[in-house]
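Have a look at the structure below, then the notes.
Numbering of ligands and ligand atoms starts at 1, following listing order. Given the structure is predicted, the values throughout are model-derived calculations rather than measurements.
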Amino acid sequence: MSTTRLTIRRPDDWHVHFRDNDMLRAVAPCTARHFGRAIVMPNIVPPVTTTALAAAYRQRILDAIHEAMPGDSRFEPYMTLYLTESTTREEIVRAAASGFIKAVKLFPAGATTNSENGVRDMDKVMPVFEQMVASGLPLSVHGEVADAEVDIFDREAVFIDRVLDPLRKRLPELRIILEHVTSAVAVDYVQSAGHNLAATITPHHLVLTRNAMLAGGFRPHYYCLPVAKRAEDRSAVRKAAVSGDARFFFGSDSAPHPRQAKECAKGSGGIFNAPTALSCLAGVFEQEGKLEHLESFVALNGPAFYNQPAATDRITLFRQEQPLEFPHRIPTADGPVTVFDPGFPLHWQVEDHGEPE
Ligand code: NCD
Ligand code: ZN
């Protein structure tokens, strides 16, 4: 008989964008409902470049969740520092001492949403990387070059070649998370790298190819960075995710943008998947016949790489013949935000507070 119920340790999300203010209040509860912890990306405006800014942002997140889910104080946001060419070693020491900052985020300048303050010249941040090794903070990486000459479908592979591999050779002790891998090249690279390198994988890159975004009409709600690639790439990413290999774990990259920023002449990259992410992952693991590895992907491999304990509480997923009905957009003060629809029926649901929803 096929599995219809699955109890696993409570999942964590190792890469999420919560934004700020009204948008934060609208989206953060969607993550807190299912996940125990999440690593919150620092690319808000202005970016979270100091420990003091991270502490204030963390409090705004806790307030937003408390307001939406009073009495539920389970969710823990983990923070990241936005690396700039002016980040100091002292700031890294402070960040590590804070206890709530778990990584420093490298955005190559120009690579993605709000990355203008990111890094242009890696030589300038080498002393900071050395301090991160000394202080035990890992580097979270948006792995794409922003070079206009490089084809957008090759930007991840070129980043590995030009930036990541030289950096790892220069400073092998630096622990690195290559975020949201999308290509067979990236998966192979992580698999061949040995220790100190891990990768996160998103629900949408397990599901989409560039055809889903581009063939038969452009679908802006499937546009995110790095962009989805060929079917062979998706297949490599899926294999890695369901393999149980401890170097691959879940990071949703849930990245909300209001409709007018997606459906326009120059749309922003980012897919908002927090409400459907777990159902979608369970569906993918089931399709691959690997439901037994879902727990390691969403709840064990991430904490292990970040040197955090695994969750002690559990959630139950159950399979229903009747597919999950989910809101296709959520209202926010900035306009509606489209929820990721993987394009297949979502049979798996999360049991809420012990009772099916
Ligand atoms: C993210 C965002 O909107 O903040 N966009 C995206 O396409 N994934 C930034 C990022 O993670 O690259
Ligand atoms: Zn992201």
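Each of H15, H17, R19, N43, T112, T113, H142, H180, C224, L225, D253, A255, H257, G269, G270 has a non-hydrogen atom positioned under 4.0 Å from some atom of ligand 1.
Between R9 and L300 there is a side-chain heavy-atom pair separated by less than 4.5 Å.
Between D253 atom OD1 and H17 atom NE2, the angle centred on the Zn ion (ligand 2) amounts to 90° (nearest 10°).
The cationic group of K105 does not satisfy the cation-pi geometry with Y82, failing either the under 6.0 Å distance to the six-membered ring centre or the 45° limit from the ring axis. Annotation: cation-pi pair R175/F305 present, NZ/CZ under 6.0 Å from the ring centroid and within 45° of its normal.
H15 lies close to the Zn ion (ligand 2), since one of its N, O or S atoms is found at a distance under 2.8 Å.
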D233 and R230: salt bridge (charged side-chain N to carboxylate O under 4.0 Å, His left out), yes or no, with the steps?
CA-CA 5 Å; D233 294 295; R230 295 169 177 274; 5.1 Å; no

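A donor-acceptor pair shorter than 3.5 Å cannot be found between the side chains of R37 and Y306. Side-chain polar atoms of R238 and Q287 form a donor-acceptor pair below 3.5 angstrom.
Once rounded to the nearest 0.5 Å, the distance linking CG of D253 with CG of N273 reads 7.5 Å.
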